[in-house]
Each structure stands twice: as structure tokens, then as C-alpha cells.
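Every heavy atom of this structure was used, including side-chain atoms; hydrogens, water molecules and symmetry mates were not. Being a predicted model, the structure only gives us computed values, none of them experimental. Start at 1 with the first residue, then count along the sequence.
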Amino acid sequence: MNEDDPPYRPLGSARVSDDATDGPIAAPIGEPVVVAPTAQRAGLPLSSPRLALVTGGHRRLGGVIAASLARAGCSLAIHGSHDTRLDSHLALTLEEEGTQWEGFTVDFADPENAEELIAMVAERFGRPPDILVNSAAMFGQDRLDSVTADDLMRHYAVNCAAPAMLTKAFATVPAGDVDRCIVNILDQRIDHPHGDQFAYTLSKLALAGLTRTSAAALAPRVRVNGVAPGLTIATPDYDAQQMERLEAMMPLGRLPQGEQIAQAVLYLANAASVTGQTLYVDGGAHMKSYDRDFMHLCR
């Protein structure tokens, strides 16, 4: 972060007052938090309205989704694989909204770590999350003629196995009789896969399968849906002229914005009668077949 960025400060971190005499009282997962005398309350697990866990929620599209959930009044558990240093727009939103939040660093290269994340969040906040957004992803450059077994396994671990283990833990932790939902961030390419980013594409197809399978298996206790974005937040691989030409290629003549992806996530989080659905937010791209990934087109 540069000097103009707001300071990195977890608004949800425990703060013990000067006159506190004891540490926080931790409640078993799924049981009520015992409230200590006033002087001891600073370190208690958080309790607030709906609690959302957003994987990869500290930056890029995950950060946009997390910011929208904060503006909707949610408390946030923000995951990062190696750190939870926030994009500046997200840090400002959390500060402005007074959002209760905490960062959790868990490496999904080992998917078993993902299962433990739900327990970590429940311990810190005093209850498990009501909303799980599986946004963290690995995105490499390979094709069938160059992909390695290691490429395939690394992408599958982060993009499908970790969400599967999170889904398992989310569905089995005691949570009471409340609406709970999972939103998996997919990719519009799942309707017309091409040969680029081969390991990534296979893992997103697997995540789409997890979405449908778990929606059927977990109803009515947990709703599971997906959002499939198109080209949303361009990397430095794209230039302005290319983006204009790609936009013109879309059936709607425009590309989606990050906030529109977040709006779809918010809709699904609140749509109590919707499960097993995938919303494509892609300018209509999923209705067409492209020979290459967008980064190789319109150059």
C-alpha cells in the first residue's frame, strides 16, 4: 500500500480495554456466546446481523463483492491465501460502514485447510457464517498440449476441492434455524469451454458440478447457487482499444462491471426460494462460442 492508502486496520479485531482483567470467553461453536461483565467485553467473539465469509475477499472481484455485502449490513470474514491486505476501496468501505470484520489467512493449496476455516470464523465471531461466497481462484496459462499433472492438481485444489471442503464444513456446523446460502463464483466459459487456461477451465467446470450437486444434497437446510461472470476486471494483459473491441463483440454490446457481479451475489444471498441456479453476468457472452480466451482476441 502507498502512503495515500488508508491504514490497514481490522475493524473486527479484538480490543481489550485498559481495565479488563480477563481475556475473552470463547463459546463452543454453535452455542451462545457468554457475555462477560462490561470491562471484559472488548475481546468477545463478534455478534451482529448476517455474517458472510468471502474467500479471496480482500482484493479484485472478491473485494468488490465483500464491499457490497458490507454496504448491505453484513459482518465479514475476509479470507486471503497469503495475506488479507485490503484493496483501498474495500478498506474505505469498511471504515465508512463501520463494518465488523476479521481477516483470515488460509492457504487453499491444501484443501483440508479450507475445512478448518469455517471453525476459525465461528470461533472468532461466536457463530458460523450465514453466507459463504467461494471467490478465491487460481488462474494459470496452459493448454492441453502443455498442461502438467501439477497444474491440474493445483488448480483443482484451490478452485474446486477447497470450495467442496468449505461447503461440507458450512453445511455440517451447528447453525440454528436460519436461512443460509453458498454462492460459488464460476465463469461464463463453462457453457462454451475453449482450450486456453486448460487447468483453470476444468476446475471451474468441476465447481459448476459441485454447485448443482450440493444444491440438491443440502436442500432445504442450505441454498447453493452460482454466479458466472464474463470479462470483468481486466488485467494488464489488456489495453484500452482491445477492451473497446471486446465490448462490441458481446451480444449486449457491453462488458459487466464488478458491482454488477456483486449485485447478483446479493440477490442470491437474499433469494430464499432460489437454489441450484447459475446467474450469468457477462454481457451475454455465454450464448456465444469463442475460439480463444478474451485476452487473445481483438488485438
Side-chain angles (χ1 to χ4, degrees), residues 54 56-57 59-72 87-90 92-93 133-143 155 159 181 183-209 211-212 224-271 274-299:
V54 184
R59 60 189 295 269
R60 291 184 58 81
L61 182 58
V64 176
I65 293 169
S68 290
L69 288 164
R71 287 190 290 269
D87 279 355
S88 58
H89 74 86
L90 175 57
L92 285 170
T93 298
V133 181
N134 283 311
S135 177
M138 172 176 284
F139 185 86
Q141 300 295 333
D142 51 58
R143 292 179 62 87
H155 282 79
N159 297 352
C181 67
V183 181
N184 294 323
I185 304 302
L186 305 172
D187 191 301
Q188 59 82 24
R189 73 177 67 197
I190 60 175
D191 264 25
H192 295 283
H194 51 68
D196 291 321
Q197 298 95 34
F198 184 75
Y200 167 83
T201 299
L202 289 185
S203 65
K204 285 295 185 178
L205 286 165
L207 183 58
T211 302
R212 294 188 296 272
V224 186
N225 295 286
V227 174
L231 176 58
T232 305
I233 301 177
T235 65
D237 299 301
Y238 299 84
D239 59 46
Q241 292 75 25
Q242 182 186 18
M243 291 296 291
E244 290 178 2
R245 291 190 287 269
L246 287 170
E247 189 169 47
M249 284 178 58
M250 299 300 107
L252 289 180
R254 56 182 175 270
L255 293 167
Q257 302 299 309
E259 290 76 11
Q260 294 167 340
I261 311 301
Q263 288 170 8
V265 172
L266 284 173
Y267 165 73
L268 291 171
N270 292 315
V274 178
T275 195
Q277 300 297 313
T278 295
L279 297 183
Y280 291 84
V281 187
D282 62 354
H286 71 283
M287 298 188 295
K288 298 178 64 176
S289 179
Y290 301 93
D291 293 336
R292 301 292 308 273
D293 181 63
F294 292 136
M295 67 181 294
H296 299 292
L297 301 178
C298 298
R299 287 193 172 277

### Task
Taking all non-hydrogen atoms of both residues into account, name the closest pair between Thr275 and Val224 and its distance.
OG1-N, 2.9 Å

#### Entry: Result of checking Asp282, Val64, Val227 against Ile261 for side-chain contact (heavy atoms from CB on, under 4.5 Å)
Val227

### Task
Kindly state whether the ring of His194 and the ring of Tyr290 have centres lying under 6.0 angstrom apart.
no

### Query
Side chains of His155 and Asn159: donor-acceptor distance under 3.5 Å anywhere?
no

### Task
Determine yes or no for a side-chain-to-main-chain donor-acceptor pair under 3.5 angstrom, with Lys204 supplying the side chain and Ala228 the backbone.
no

### Query
Do His296 and Gln242 have side-chain heavy atoms sitting under 4.5 Å apart?
no

#### Entry: Presence of salt bridge, Asp196 and Arg143, under 4.0 angstrom
yes

### Sidechain-backbone polar pair: Asp87 side chain, Leu90 backbone, donor-acceptor under 3.5 Å
no

### Expected output: side-chain Glu244 to main-chain Gln241 donor-acceptor under 3.5 Å
no

### Message
Is it true that Arg189 and Gln197 share a donor-acceptor pair across their side chains at a distance under 3.5 Å?
### Response
yes

### Pairwise distance CZ(Arg299) to CZ(Arg292) - rounded to 0.5 angstrom
10.0 Å

### Identified side-chain hydrogen bond (donor to acceptor under 3.5 Å, both in side chains) counterpart of Asn184 within the set Thr278, Asn134, Asn225
Asn134

## Note on the structure
Taking every heavy atom of Gly284 against every heavy atom of Pro251, the minimum-distance pair comes out as O-CG, 3.2 Å

### Task
Identify the two heavy atoms, one from Gly283 and one from Pro256, that lie closest to each other, and give their separation to 0.1 Å.
N-CD, 4.2 Å

### Message
Can you confirm whether Pro193 sits close enough to Leu205 that some side-chain heavy atom of one is under 4.5 Å from a side-chain heavy atom of the other?
### Response
yes

### Message
Run the side-chain contact (heavy atoms from CB on, under 4.5 Å) test on Val133 and Leu69 for me, step by step, so that the C-alpha distance in whole Å, both residues' side-chain angles and the decisive distance to 0.1 Å come before the verdict.
### Response
CA-CA 10 Å; Val133 181; Leu69 288 164; 4.3 Å; yes

### Message
Please check: side-chain N/O of Ser203 versus main-chain N/O of Thr201, any donor-acceptor pairing under 3.5 Å?
### Response
no

## Note on the structure
Rounded to the nearest 0.5 angstrom, the CG-CG distance for Leu231 and Leu246 is 6.5 Å

### Task
Please tell me if the side chains of Tyr280 and Leu186 come closer than 4.5 Å, counting only heavy atoms from C-beta onward.
no

## Note on the structure
Taking every heavy atom of Leu61 against every heavy atom of Pro229, the minimum-distance pair comes out as CD2-CG, 4.1 Å

### Query
Atom CZ of Arg60 and atom CD1 of Ile65: how far apart are they, to the nearest 0.5 Å?
12.0 Å

### Query
Do Met249 and Cys298 have side chains that get closer than 4.5 Å, going by heavy atoms?
yes

### Task
Tell me yes or no: between the side chains of Asp142 and Tyr200, is some donor less than 3.5 Å from an acceptor?
no

### Task
Would you name the heavy atoms of Gly57 and Ala66 that are closest together and state the gap between them?
O-CB, 3.5 Å

### Query
CZ/Arg59 to OG/Ser135 distance, rounded to the nearest 0.5 angstrom?
10.5 Å

#### Entry: Heavy-atom side-chain proximity of Gln257 to Thr232 below 4.5 angstrom
no

### Message
Using a 3.5 Å distance criterion without hydrogens, assess whether the side chain of Gln188 forms a donor-acceptor pair with backbone atoms of Val281.
### Response
no

### Task
Can you see which heavy atom on Leu268 is nearest to which on Gly226, and at what distance?
CD1-O, 3.7 Å

#### Entry: Interatomic spacing from OH in Tyr267 to CD in Gln277 - rounded to 0.5 Å
8.5 Å

### Query
Could you state the interatomic distance from OG1 (Thr93) to CZ (Arg71), rounded to the nearest 0.5 Å?
5.0 Å

